[in-house]
There are 2 protein chains.
Amino acid sequence: MATGRIGEGRGADVGGIADGIATLDAATMAAAGRDAAGTFGGRAGAGLRSPRVRAIYSALLDAILANRLPPATRLPEDDLGSIYGASRTIVRSALEALAHDGVLTIEPNRGAFVASPSVADARDVFDARLLVEVQLAERAARCITAADIAALRQHLADEHAALDAGLQQRAILLSGLFHVHIAEATGQRALAGFVRELVSRSSLIVALYWRRRDAICGSHAHEELVDALARGEPDLAGARMRAHLLDILDGLDLTERPAKSIDLGDVLRDA
Amino acid sequence: MATGRIGEGRGADVGGIADGIATLDAATMAAAGRDAAGTFGGRAGAGLRSPRVRAIYSALLDAILANRLPPATRLPEDDLGSIYGASRTIVRSALEALAHDGVLTIEPNRGAFVASPSVADARDVFDARLLVEVQLAERAARCITAADIAALRQHLADEHAALDAGLQQRAILLSGLFHVHIAEATGQRALAGFVRELVSRSSLIVALYWRRRDAICGSHAHEELVDALARGEPDLAGARMRAHLLDILDGLDLTERPAKSIDLGDVLRDA
DNA sequence: CGACGTCAAATCGTATACAATCTTTGCGCT
DNA sequence: AGCGCAAAGATTGTATACGATTTGACGTCG
């Protein structure tokens with residue numbers, strides 16, 4: 001495939017993947033500049049060298065978290081390279097970083113695929129979230145600043161706005177980010193990074209196993225959580241976080257249906 | 001010793017790095033094959049494609065955790081490539097993975113350096129460890145199997161053997177692995193991976209801020225911990241884990257000497 | 001004598017070429 | 001027709017070449 005041909009001319013040959021990525025391509029690349037709360041990959045991937053790797057990393061992460069790239073989607077290096085106008089070197093670096101975050105799986109000599117967490121993975125992730133986030137909520141209730149509270153309320157407003165505007169993808173992304181923001185408000189950087197990773201993987205889990213049609217991560221729960229934080233009640237905040245996470249878990253259908261890795265071939269083929 | 005101070009001239013430090021790595025190079029590369037409890041990088045770096053990247057990743061990680069490569073050591077890609085007989089492509093991949101784990105820092109256009117955690121980083125890491133590992137110890141006391149107990153006791157024996165044999169580097173490495181093994185015994189894979197990362201960073205922290213001359217991570221504490229686990233007493237196990245971690249923290253000198261992140265520049269320059 | 005600008009060496013950033021591996025296709029054989 | 005094998009195609013794995021950036025040094029000027 002033509003190496004130097006990129007930028008605009010991505011449309012025809014790459015079809016499916018380009019749809020998933022390029023739809024928000026421009027917006028994402030733009031968001032890569034402002035480090036604001038709009039994009040999930042904002043502060044993530046902190047160990048990435050060049051801005052170009054960062055950009056692809058963020059774009060792919062956003063696409064995956066917003067479920068534009070469903071689990072088990074194959075991500076060939078050449079295609080991504082021509083879509084983003086970068087060489088495979090850059091793309092590989094971004095893919096490896098994403099694999100390290102657990103949102104991609106790299107099979108040697110076969111390529112990268114959007115991760116499709118097993119039922120066991122799902123339980124594992126939410127176990128970890130319960131253990132970590134409940135305690136972080138308690139701690140946040142003790143140490144959170146007024147500015148952080150304000151920022152969280154602003155975030156809630158953004159969530160609502162996205163939902164009201166029908167931007168479901170953005171709503172999903174923001175609802176995940178909410179948990180990351182709480183973790184960051186405690187000032188615990190290591191734990192916040194871990195929560196970010198867990199939330200990322202949760203997006204894939206929800207994409208695979210969600211059964212309810214309720215509002216995802218009902219903003220009601222988020223608001224109650226912020227209230228508990230604002231009132232400085234650690235126990236209440238922890239309890240609400242626990243209830244919220246258990247509620248999400250309850251909304252999943254974790255019966256042993258898709259066994260393990262349903263193999264991605266069929267998903268690719270029909271496309 | 002040669003590994004002690006590097007940074008004289010640009011050309012001279014190649015010898016230093018080679019010393020730090022190649023000393024145990026053969027042993028490490030051999031250990032890369034058997035996935036046993038000998039090497040830290042055994043199950044880590046799970047997202048790495050090729051065996052060669054894995055090998056370099058493990059070798060570097062072991063060298064760093066055993067403190068053969070002290071914090072702020074520069075790791076030029078070319079040198080590592082010639083040491084391991086690999087191209088920069090491979091080396092870069094390994095370096096990026098290590099940076100993601102937090103044991104390396106990559107400065108754009110400048111290269112990779114062994115991380116030198118700030119005092120704030122140190123507190124951050126041990127805060128996280130307290131939050132996570134105490135609960136994991138409680139959980140382990142509930143669910144651990146007899147086989148895991150036996151494996152832990154064997155591990156304790158290895159630690160003692162290393163100490164008695166004067167293999168201090170190996171003792172340090174094993175004493176970190178002990179915590180990882182407990183986390184893995186709970187079956188919580190995500191949390192175990194996080195603990196592995198925190199333990200790695202702790203090795204650097206201890207290398208930088210240790211002040212006591214006691215046995216590092218006194219095996220006494222480890223044995224009491226295993227006893228509590230074997231007796232199936234969650235509260236006791238949790239309490240002992242907490243006390244153990246606080247004891248380590250207490251052995252650190254976290255006065256604000258190196259302020260925040262003066263970064264490694266000065267450490268390298270003034271030598 | 002110190003400060004600053006220019007230059008050269010070293011190192012990283014990226015692209016690309018080539019090799020290895022896997023996948024698919026088509027053919028021949030039973 | 002079914003099965004197995006072999007060759008072609010596609011994709012990843014690795015090495016290397018070249019450009020960009022930084023660094024340290026030297027020499028000149030104020």
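In what follows, every chain begins at residue 1, and chains take the letters A, B, ... in the order their sequences are listed. Please read all numbers here as calculations on a predicted model, not as lab measurements. Basis for what follows: all heavy atoms, side chains included, without hydrogens, waters or symmetry-related copies.
With sequence neighbours excluded, no residue forms a ring pair (Phe, Tyr, Trp, His ring centres under 6.0 Å) with A:Phe126. In terms of the salt bridge (charged side-chain N to carboxylate O under 4.0 Å, His left out) criterion, A:Arg201 has no residue partners (sequence neighbours excluded). With sequence neighbours left out, B:Asp121 forms a salt bridge (charged side-chain N to carboxylate O under 4.0 Å, His left out) with A:Arg189. For A:Asp158, the side-chain hydrogen bond (donor to acceptor under 3.5 Å, both in side chains) partners two or more places apart in sequence, or in a different chain, are A:Gln154. Qualifying side-chain contact (heavy atoms from CB on, under 4.5 Å) partners for B:Ala128, counting only residues two or more places apart in sequence or in other chains: A:Ala190, A:Leu191, B:Phe194, B:Leu198. Not a single side-chain hydrogen bond (donor to acceptor under 3.5 Å, both in side chains) links B:Thr186 to another residue, sequence neighbours left out.
One axis for each end of the helix from C:dC1-D:dG30 to C:dT30-D:dA1, each built from five base pairs, and the angle between them comes to 0° at 10° resolution.
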Going 5' to 3' through nucleotides 7-17 of chain D, assign each nucleotide B (protein heavy atom under 4.0 Å from a base atom), S (under 4.0 Å only from sugar-phosphate atoms) or - (no protein heavy atom that close).
----SBBBBBB
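The list of salt bridge (charged side-chain N to carboxylate O under 4.0 Å, His left out) pairs with a residue in residues 85-97 of chain B, not counting sequence neighbours, reads A:Arg49-B:Glu96, B:Glu77-B:Arg88, B:Glu77-B:Arg92.
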